[in-house]
Amino acid sequence: MVEIRFHGRGGQGAVKASDILAMAAFREGKEVQAFPFFGVERRGAPVTAFTRISQEEIRIHCYIYEPDVLIVLDPTLIGPIPLTDGLKPNGKIIINSERDSNSFIFPDTENPTIFTIDCSSIALKYGLGSKASPIVNTAILGAIAKVTGLVSIESIIEVIKERIPLYKEKNALAAQETYECMCV
Amino acid sequence: MVEIRFHGRGGQGAVKASDILAMAAFREGKEVQAFPFFGVERRGAPVTAFTRISQEEIRIHCYIYEPDVLIVLDPTLIGPIPLTDGLKPNGKIIINSERDSNSFIFPDTENPTIFTIDCSSIALKYGLGSKASPIVNTAILGAIAKVTGLVSIESIIEVIKERIPLYKEKNALAAQETYECMCV
Amino acid sequence: MSNKTKGQKIKLTLPIEEVMSPGHLACQGCGATLALRYTLKALGRKTIMSIPACCWSVIDGPFPYSAAGVPIYHCAFETAASTASGISHALAQLGQDNVTALAWAGDGGTFDIGLQALSGAAERGDNVIYIVYDNEAYMNTGIQRSSATPHGAWTTTTPVKHYKRGPKKNIMAIMAAHHVPYCATANIAYPEDFIRKVKKAKNIMGTKFIHLYAPCPTGWKHPPDITIQVARLATLTNVFPLYEIDNDVYTINKKIQKAKPVSEYLKLQGRFRHLSEKEVQFIQRTVDQNWKRLLKLEEAFRNEKN
Amino acid sequence: MSNKTKGQKIKLTLPIEEVMSPGHLACQGCGATLALRYTLKALGRKTIMSIPACCWSVIDGPFPYSAAGVPIYHCAFETAASTASGISHALAQLGQDNVTALAWAGDGGTFDIGLQALSGAAERGDNVIYIVYDNEAYMNTGIQRSSATPHGAWTTTTPVKHYKRGPKKNIMAIMAAHHVPYCATANIAYPEDFIRKVKKAKNIMGTKFIHLYAPCPTGWKHPPDITIQVARLATLTNVFPLYEIDNDVYTINKKIQKAKPVSEYLKLQGRFRHLSEKEVQFIQRTVDQNWKRLLKLEEAFRNEKN
Amino acid sequence: MKKVLTGNFAAAYGATAAKVNVISAYPITPQTTIVEILSEIVADGLLNADFIKVESEHSALAACIGAQAAGARTFTATSAQGLALMHELLHWATRGRLPIVLANVNRAMAPGWSIWADATDSVAQRDTGCMQIYCENNQEVFDSILMSYKIGEHTELLLPTIVNLDAFFLSHTSQIVDLYDQETIDRFLPSYNPEIKLDIENPRAFGGLTSPDYYYEFSYKIQLAHEKAKEIIEEVGKEFYRFFNREYHLSEPYRCDDADMILVDYGTIAGTAKDAVDRMRDKGIHVGVLKIRYLRPFPEEQVIDILKNAKKVGVIDRAISYGHEGPFFTEVKASLYGYRIPIYGFIAGLGGRDVSIVDIESMVDYMQGNKPANHIWIGLKK
Amino acid sequence: MKKVLTGNFAAAYGATAAKVNVISAYPITPQTTIVEILSEIVADGLLNADFIKVESEHSALAACIGAQAAGARTFTATSAQGLALMHELLHWATRGRLPIVLANVNRAMAPGWSIWADATDSVAQRDTGCMQIYCENNQEVFDSILMSYKIGEHTELLLPTIVNLDAFFLSHTSQIVDLYDQETIDRFLPSYNPEIKLDIENPRAFGGLTSPDYYYEFSYKIQLAHEKAKEIIEEVGKEFYRFFNREYHLSEPYRCDDADMILVDYGTIAGTAKDAVDRMRDKGIHVGVLKIRYLRPFPEEQVIDILKNAKKVGVIDRAISYGHEGPFFTEVKASLYGYRIPIYGFIAGLGGRDVSIVDIESMVDYMQGNKPANHIWIGLKK
Amino acid sequence: MSKKNDEKVIVIQNGDDMPSMPASMGSMKINKTASWRSIRPVIIEEKCKRCMICWKFCPEPAIRPEDPPVIDYDYCKGCGICIEECPFDAIVSEKEGK
Amino acid sequence: MSKKNDEKVIVIQNGDDMPSMPASMGSMKINKTASWRSIRPVIIEEKCKRCMICWKFCPEPAIRPEDPPVIDYDYCKGCGICIEECPFDAIVSEKEGK
Ligand SMILES: Cc1ncc(C[n+]2csc(CCOP(=O)(O)OP(=O)(O)O)c2C)c(N)n1
Ligand SMILES: Cc1ncc(C[n+]2csc(CCOP(=O)(O)OP(=O)(O)O)c2C)c(N)n1
Ligand code: SF4
Ligand code: SF4
Ligand code: SF4
Ligand code: SF4
Ligand code: SF4
Ligand code: SF4
Ligand SMILES: [Mg+2]
Ligand SMILES: [Mg+2]
């Protein structure tokens with residue numbers, strides 16, 4: 001079982017991203033689970049979401065304490081929130097940031113691989129959200145597909161087209177683009 | 001412990017009578033209990049009430065199945081209702097009726113003593129209730145005091161004066177009169 | 001009224017069929033009982049009722065019997081309207097559109113504990129006739145004040161020393177504020193008028209409301225034989241005017257030429273016995289004011305479509 | 001508004017004291033939050049509030065913090081009025097008559113689930129100010145229809161295909177029907193008027209009711225920066241007129257010379273995006289009718305004591 | 001001062017003697033006279049309280065909650081449907097830590113409409129966190145109301161109490177009640193002075209959003225308070241004895257010391273059972289009665305202590321938890337877990353069916369001649 | 001057809017698949033999406049039902065009661081405060097013998113406000129006579145709603161059912177759910193056709209005054225129905241298996257056969273506990289899980305059967321009956337009466353506190369190293 | 001429903017005779033309320049103008065609108081409304097019973 | 001309450017630090033909402049006419065009515081109302097953050 005934890009802010013779409021990831025894995029025959037830590041939903045407030053992907057039935061129903069993969073939709077969360085708590089040794093961290101992955105250091109982690117990608121710009125390029133608050137969830141999914149190999153980008157794109165109510169195409173393109181420009 | 005069961009119709013004051021009897025006995029230092037079988041209170045509907053009088057604490061809280069004394073405020077109840085059920089052998093029955101006590105026969109009882117007294121007329125004489133529905137409860141209390149000796153007529157009258165909101169005097173006189181003309 | 005003698009055909013001013021049966025448990029001279037008798041004459045047997053806790057939960061009789069002659073759901077005190085909403089939607093879903101869903105509640109179940117459910121049904125426009133038979137107190141529990149109890153009245157919770165202060169809640173104004181398609185007052189002393197209103201309501205879609213005046217000899221402390229008289233006087237004194245509001249248009253059905261003094265109405269009832277002359281005058285003034293208010297409303301909200 | 005430059009004394013049109021603190025959890029541009037800010041400016045710190053479930057149960061902040069600056073009892077959703085009644089009677093019994101009991105609820109907690117408690121308090125005349133901040137839906141649970149949702153609006157329970165039909169419940173008419181000593185509409189875009197009304201209410205005994213218009217950018221789908229604009233337009237289009245009813249006397253506080261077309265108001269908000277031209281016209285007609293109705297009421301129920 | 005009073009009068013006088021500041025209640029048969037008497041008492045100026053005559057039980061308890069939170073001592077009374085309608089707010093009173101006292105007349109739940117005795121109404125509130133007392137007689141009603149304020153208001157408790165009395169069998173039954181003298185009562189029960197309340201000098205928000213970080217601990221505090229309550233109830237019971245010469249505990253054994261068979265019961269059935277026990281003892285049957293006064297906190301320790309040596313135990317429930325068994329039966333069985341005393345669950349008296357001495361004897365008969373069973377229905381017309 | 005769905009979707013789709021005629025519900029976090037989805041489904045014409053958008057939960061259930069009594073199949077959904085507000089009417093649905101199905105999202109009761117998982121809301125309805133299911137996953141939510149109609153509508157039962165799902169842990173958790181095909185579902189669950197209903201052809205008054213002469217017997221009938229329900233639930237479970245190849249029972253043991261220690265639990269904790277069991281088994285600890293699906297009727301026989309050979313039993317309650325202990329714990333203990341298996345009562349996860357595998361392991365640790373206790377609070381910040 | 005059916009006495013000897021919920025099985029016509037009556041209204045045929053106002057206002061209803069109207073003494077509770085309301089004083093009150 | 005007091009951080013380490021019921025112990029001022037902001041309103045002093053309309057309509061409130069008004073960027077959520085409402089276009093929107 002692979003466990004993925006998403007960190008974002010209300011409005012960025014972390015919950016939806018965790019869901020789409022699960023659905024994409026489901027298309028590929030996996031057992032899946034996705035759920036948010038539902039705080040008091042307000043714009044800007046920190047949001048956590050979880051995805052589990054497994055070959056076997058997933059029975060567990062608690063938060064993810066030891067994720068294999070961490071997704072950070074908003075780099076301003078780094079610092080205020082102990083994002084990396086419990087990250088498994090050799091875990092992966094994908095951060096939406098224009099900065100270089102080397103510029104991020106997480107002292108309490110064991111040998112993580114850090115990836116950054118500027119999802120905000122890509123989202124804006126496709127007109128997703130406003131400049132002030134780009135909606136980066138579809139963009140980051142492409143990066144997840146690439147980095148983790150848990151699901152194919154095709155599955156991601158199909159689910160996006162199925163589940164995203166507005167701007168299906170643009171969202172799909174955003175995912176495609178991060179998939180492509182993410183260097184692993 | 002002496003157990004008294006009252007049978008009347010809604011509006012005649014059977015419940016009040018059972019209460020006053022208990023209060024009178026209380027004045028005389030007895031332990032007491034009085035309560036109605038509370039059906040759906042509507043004018044004219046049959047009503048049952050109970051009084052227990054004892055030297056000792058009364059703990060029991062169920063209906064009276066084997067009364068020592070039966071009080072019938074309305075003779076038209078005789079027949080439709082199995083009034084005398086459970087009456088103890090040698091029990092007493094006091095009936096509000098102008099008829100002679102001999103005219104009443106209760107087959108399923110063991111050697112009861114039957115008393116009749118025309119409380120309706122006495123109540124009317126003192127202007128208690130209307131011709132159509134005289135309020136006979138205070139009148140019958142005098143008879144009870146006389147027949148059972150459980151309480152003195154003085155106690156009955158004091159309680160009447162204390163507890164009856166209207167026409168205290170007249171009610172007291174009604175009780176006094178039945179007490180006096182009741183031949184035991 | 002012409003003289004009729006044996007053999008002549010009898011003319012009846014009300015439908016002849018008795019849906020409600022005798023043998024019920026109402027007190028002698030109960031206005032609430034006449035109320036349902038008339039209602040079912042108007043609606044007939046294709047009616048399903050919800051009845052919350054109220055005198056009618058007793059009047060109807062205990063299990064295994066019933067006096068109403070139509071199906072009744074005895075529902076929780078708060079739920080006359082919401083239960084009827086449910087019935088009405090079920091009927092619609094099950095294709096029984098020809099059956100009327102009738103909510104039948106006392107003033108307590110309507111003005112107080114059931115108001116919210118009624119307001120909700122009215123807002124949604126559920127297809128229900130709601131009739132409140134108003135006897136101005138909680139009678140079934142033994143005469144406690146409700147918000148329909150008029151100023152000045154004694155009840156067991158507004159004892160003589162603390163008799164009810166403040167006006168009766170204006171339920172008609174409240175229902176009019178909901179802009180229901182039809183609402184009306186009615187009085188058991190005027191059964192023809194009442195039956196006309198019920199029949200009218202039956203043919204309107206949406207939530208219809210009738211505020212029906214139904215004296216209670218037991219609670220009002222008047223002899224049972226003058227129930228009709230008391231009821232009639234309520235209208236003749238303008239204590240309880242008859243009017244209807246049809247799509248926001250007001251019509252006063254009975255304009256009394258010269259209203260009788262309210263004191264005539266009050267003095268028949270034990271519940272007002274303690275009132276001082278001054279208090280009676282105050283009540284008279286209030287009645288006059290309310291009447292004027294009603295006239296103004298009629299004036300302001302007449303049919304403009306013509 | 002005169003030009004002022006550095007050093008000049010600043011004139012403020014509202015009380016300067018901020019009782020409500022920043023740091024609260026309202027969305028950006030939340031009208032409901034401005035609403036309480038103004039209310040507490042008017043009432044000051046000698047105020048005890050009941051707040052039922054609503055956005056404000058979140059806005060105020062989680063344990064162990066609070067943003068309001070005055071004591072709050074976060075009460076059950078149905079009980080804004082009844083809890084405040086209890087508070088008010090306790091204050092009276094404990095000799096704290098100088099403290100105001102304020103019930104502060106959303107439209108859902110007022111028009112729907114809390115209506116009965118409010119009606120009861122009003123009927124009893126409990127000494128409470130009741131303010132409903134109306135954002136025309138259940139926002140705290142994520143934008144479901146309430147009976148304050150206007151005709152035409154999208155909400156999650158009135159999806160575009162099934163958008164809300166039927167008018168907004170007329171809560172002012174309902175409260176007026178209760179003959180409360182004072183009730184008024186107000187709008188966060190007109191804080192001076194609102195604060196005047198709250199202060200007036202504070203000095204009246206009995207149940208006072210204020211229906212306060214408070215746009216919600218999140219639920220109405222408009223950008224947060226135009227909250228005031230949207231609110232202002234509601235009044236300038238006569239969608240939400242400002243008026244008060246003082247002892248049954250109607251006064252319209254703001255008579256718009258030439259009301260703007262309703263479409264200007266509607267088009268700012270995503271929740272009305274799906275409306276056809278015909279539907280917009282219908283809404284315009286309804287607004288016009290309601291406005292006429294209000295004028296008539298003002299006409300019919302002016303101060304007669306003069 | 002002794003008087004012959006119905007249970008409802010005793011309840012109303014109890015609230016009066018406790019000098020409550022705010023009353024809010026709604027009429028319902030057979031509680032109605034409580035409301036009526038209090039209306040009179042307040043109207044007559046004999047109690048300086050505000051009586052809020054609300055439009056529903058829901059508002060009745062809400063008003064008490066508001067008033068109590070603002071520092072008033074409050075009282076309400078209800079029955080059956082009314083109590084059920086308060087359900088949400090009973091949780092509220094508990095979690096809000098408001099020592100409101102509520103007199104409940106035990107009546108059967110509708111439908112069909114029934115106004116007669118049945119404890120299912122209040123037993124169904126056992127998970128709301130309110131303390132609950134079941135009274136045997138009218139004196140106990142009066143005394144319990146007084147004690148409940150003292151107990152509930154204890155700073156370590158702050159818990160509401162439901163004082164239950166059986167419909168008609170107490171509510172409308174006249175018995176002798178000692179009302180004591182008010183001065184002594186005032187000494188026993190000083191006025192209410194909560195530390196934390198709605199207070200403009202120290203503005204706090206009560207009951208705001210509470211995240212998973214804190215909620216659990218608040219819950220724990222309530223449970224702690226209940227545990228503590230078991231002590232305080234016994235302590236206040238002792239104090240009550242010193243003041244008024246009457247003894248009260250969480251539970252009350254009667255002739256249990258040498259009993260082979262013990263009947264566990266509550267409410268008025270306990271009284272009848274005592275008489276039945278005497279009668280059976282006269283016939284040589286060694287029976288005892290354990291009356292449970294407090295359903296919450298549940299006197300597990302006392303129950304074990306008294307029952308552990310019995311040869312057989314029967315529990316008489318005038319209530320039922322459908323789909324399982326009598327609720328007191330369950331709780332007693334759970335308390336006795338680990339013991340192997342045969343235990344019988346009797347269901348009796350639902351909907352006002354009378355429970356007579358003969359009925360109780362028949363239960364003992366049953367216990368003598370049959371294997372244990374979980375719900376034995378007494379007097380059923382099968 | 002399989003889909004990835006949240007528990008709330010599963011609930012809404014369950015009602016849709018059951019072709020309910022009337023829906024009446026009121027929004028409350030975290031149930032809200034159920035109401036929203038059903039609004040869409042009805043608006044889109046995918047379900048031919050009337051959705052009554054009432055002004056409170058009280059009216060929601062009242063409307064269902066009216067509609068169901070008139071012969072419609074009805075559905076409602078709520079959570080916490082909403083369920084509590086329905087309390088009176090839950091009794092009504094039971095005593096009126098109306099097989100309404102209600103989905104309840106288990107959420108903590110206020111105050112303080114909490115929207116997170118806690119089963120106290122529904123457990124506190126255990127005495128209302130409604131059947132109650134606790135679901136472990138979204139498939140079970142969907143399946144339980146379908147089965148609940150079939151079971152509840154059985155002519156010998158006529159009982160309402162509350163189908164519970166944990167806040168967020170199911171309501172907002174996406175999982176794979178097989179929705180089957182509608183034709184098969186229609187065969188499994190034919191339309192509702194009650195024998196007795198509001199019917200102008202046969203006018204009856206429902207729920208009128210019922211004297212002590214009859215009330216008791218009506219109560220008995222409800223209890224009989226619950227007893228019968230235990231059979232019918234198993235039968236319908238078998239039928240469900242035949243139709244849809246999924247097995248359901250009153251309760252469900254997991255690796256209990258050879259277990260020394262068995263953890264009894266319900267809802268989502270059961271799932272986590274299964275994983276914990278596997279992990280502990282790997283470490284050589286012989287643990288099993290007994291998941292209780294039905295709180296009412298309570299599967300006493302199955303509980304005994306499965307637990308009787310365990311060396312130790314622990315019960316995990318995400319609920320508490322203040323003043324006593326975890327309610328499932330009480331009921332399990334009562335069922336096991338007479339046995340002497342050490343039994344531990346754990347309180348965990350109230351107010352949404354997460355219950356992790358580690359927490360469950362710590363319970364087993366506790367059981368290994370300590371004497372039994374009645375309420376052991378897991379993860380308390382003391 | 002025929003009259004006979006209306007007055008059907010429902011005999012319940014045990015639970016099996018009862019439906020699952022308290023749903024009525026017969027009419028309250030079974031319940032002869034005559035015993036409630038303490039005065040008896042008697043129509044004086046000669047005075048009666050057949051206006052049927054008595055019928056209209058009887059709350060039981062215990063008057064049949066025949067020619068002349070017939071009071072059903074099985075049910076008349078003796079409220080006296082008909083006596084009060086008869087515009088022609090054609091109904092008189094008699095003392096009931098012994 | 002002093003400002004300092006207002007922003008008191010309540011430290012709860014265990015149940016003993018909590019009152020018996022969830023009654024608040026401090027002000028939400030503790031909660032700096034600056035992070036919610038994606039645009040930053042900036043007052044252009046020269047253009048500002050001190051009408052205080054910005055102060056009036058700030059929902060936080062995050063504007064102090066000084067001369068000129070001062071925006072408290074600890075709390076301003078960047079809703080933009082002040083920008084919209086300033087009658088003199090004296091407030092401009094700047095992009096927030098990095
Ligand atoms: C929840 C609830 N509260 C209280 C009652 C008790 N109750 C039954 S009927 C009634 C009064 C009804 O008054 P109203 O609606 O005016 O009808 P009436 O009895 O006057 O006909 C009351 C208070 C109840 N059944 N349910
Ligand atoms: C009994 C009950 N039902 C439902 C809820 C869920 N709930 C909480 S707030 C809310 C909506 C409030 O709407 P409104 O009163 O308009 O206030 P707003 O959220 O819009 O500020 C709902 C439905 C609840 N807390 N209690
Ligand atoms: S109390 Fe009044 S309303 Fe009720 S049955 Fe008697 S007369 Fe009718
Ligand atoms: S949802 Fe609307 S009302 Fe609620 S806090 Fe956000 S903006 Fe304010
Ligand atoms: S009211 Fe009088 S006149 Fe008219 S029909 Fe009856 S008895 Fe005859
Ligand atoms: S007395 Fe009353 S009940 Fe009898 S017939 Fe006349 S109106 Fe009817
Ligand atoms: S609104 Fe504009 S002009 Fe007025 S004070 Fe604010 S910044 Fe200055
Ligand atoms: S942007 Fe909004 S929050 Fe910031 S100062 Fe302006 S009005 Fe206040
Ligand atoms: Mg009434
Ligand atoms: Mg709202």
Side-chain angles (χ1 to χ4, degrees), chain D residues 19 25 44-53 56-94 96 98-101 103 113-114 116-124 126 128, chain E residues 19-24 26 48-74 76 85-86 88-89 91-93 96 98 100 191-193 196-215 217-218:
Chain D
V19 178
L25 296 184
R45 295 188 184 273
K46 293 194 175 168
T47 304
I48 297 182
M49 300 174 74
S50 65
I51 303 189
W56 252 102
S57 2
V58 173
I59 297 170
D60 186 49
F63 173 83
Y65 300 106
S66 165
V70 299
I72 295 181
Y73 205 78
H74 285 289
C75 62
F77 194 18
E78 319 81 285
T79 67
S82 40
T83 305
S85 290
I87 292 169
S88 153
H89 282 279
L91 291 172
Q93 270 284 329
L94 304 174
Q96 292 187 266
N98 60 340
V99 179
T100 304
I113 203 167
Q116 189 160 293
L118 169 57
S119 173
E123 187 261 335
R124 296 186 298 274
D126 288 338
V128 162
Chain E
K19 296 197 170 160
V20 298
N21 306 117
V22 173
I23 301 163
S24 185
Y26 192 73
N48 178 18
D50 281 21
F51 189 155
I52 316 178
K53 281 159 195 161
V54 284
E55 75 296 339
S56 75
E57 289 87 357
H58 198 276
S59 285
L61 189 48
C64 287
I65 286 172
Q68 190 92 20
R73 181 176 285 163
T74 69
T76 186
L85 190 54
M86 290 176 171
E88 184 194 5
L89 296 177
H91 288 271
W92 214 282
L98 298 168
I100 297 162
S191 64
Y192 178 52
N193 242 322
I196 303 186
K197 61 173 182 177
L198 290 167
D199 181 2
I200 52 166
E201 301 300 329
N202 182 9
R204 286 164 171 273
F206 289 77
L209 201 66
T210 303
S211 75
D213 283 341
Y214 302 117
Y215 188 96
E217 280 67 29
F218 281 118

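Below, chain A is the first sequence line, B the second, and so on; all start at residue 1.
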| query | Does a side-chain heavy-atom distance below 4.5 Å link E:E55 with D:E123? | reply | no
| field | Heavy-atom side-chain contact between E:N21 and D:H89 under 4.5 Å | value | no
Pick one of side chain, backbone, both or neither for [X], based on which atoms fall under 4.5 Å of a heavy atom in chain E.
X	value
D:S57	backbone
D:A117	both
D:S88	neither

Tell me, out of [options], who's got the most heavy-atom pairs with chain D below 4.5 Å.
options	result
E:D199, E:T210, E:D213	E:D199
E:G207, E:A62, E:A60	E:A62
E:A72, E:A205, E:G208, E:A70	E:A205

| Of the non-hydrogen atoms in D:Y73 and E:L98, which two are nearest, and what is the gap between them? | OH-CD1, 3.4 Å
| query | Shortest non-hydrogen contact from E:W92 to D:C75? | reply | CZ2-C, 3.4 Å
Given heavy-atom pairs under 4.5 angstrom as the criterion, report whether the side chain, backbone, both or neither of [X] touches chain D.
X	answer
E:F51	neither
E:T74	neither
E:L61	neither
E:V22	side chain
E:S59	both
E:N202	neither

In terms of heavy-atom pairs under 4.5 Å with chain E, which of [options] leads?
options	result
D:P62, D:A92, D:A81, D:S66	D:P62
D:A84, D:A76, D:G120, D:S119	D:A76
D:R124, D:Q116, D:Q93	D:Q93
D:S85, D:P71, D:S50	D:P71

[atom1]-[atom2] distance between [X] and [Y], expressed to the nearest 0.5 angstrom:
X	Y	atom1	atom2	answer
E:K197	D:I48	NZ	CD1	8.5 Å
E:I200	D:L91	CD1	CG	8.5 Å
E:I65	D:T79	CD1	OG1	7.0 Å

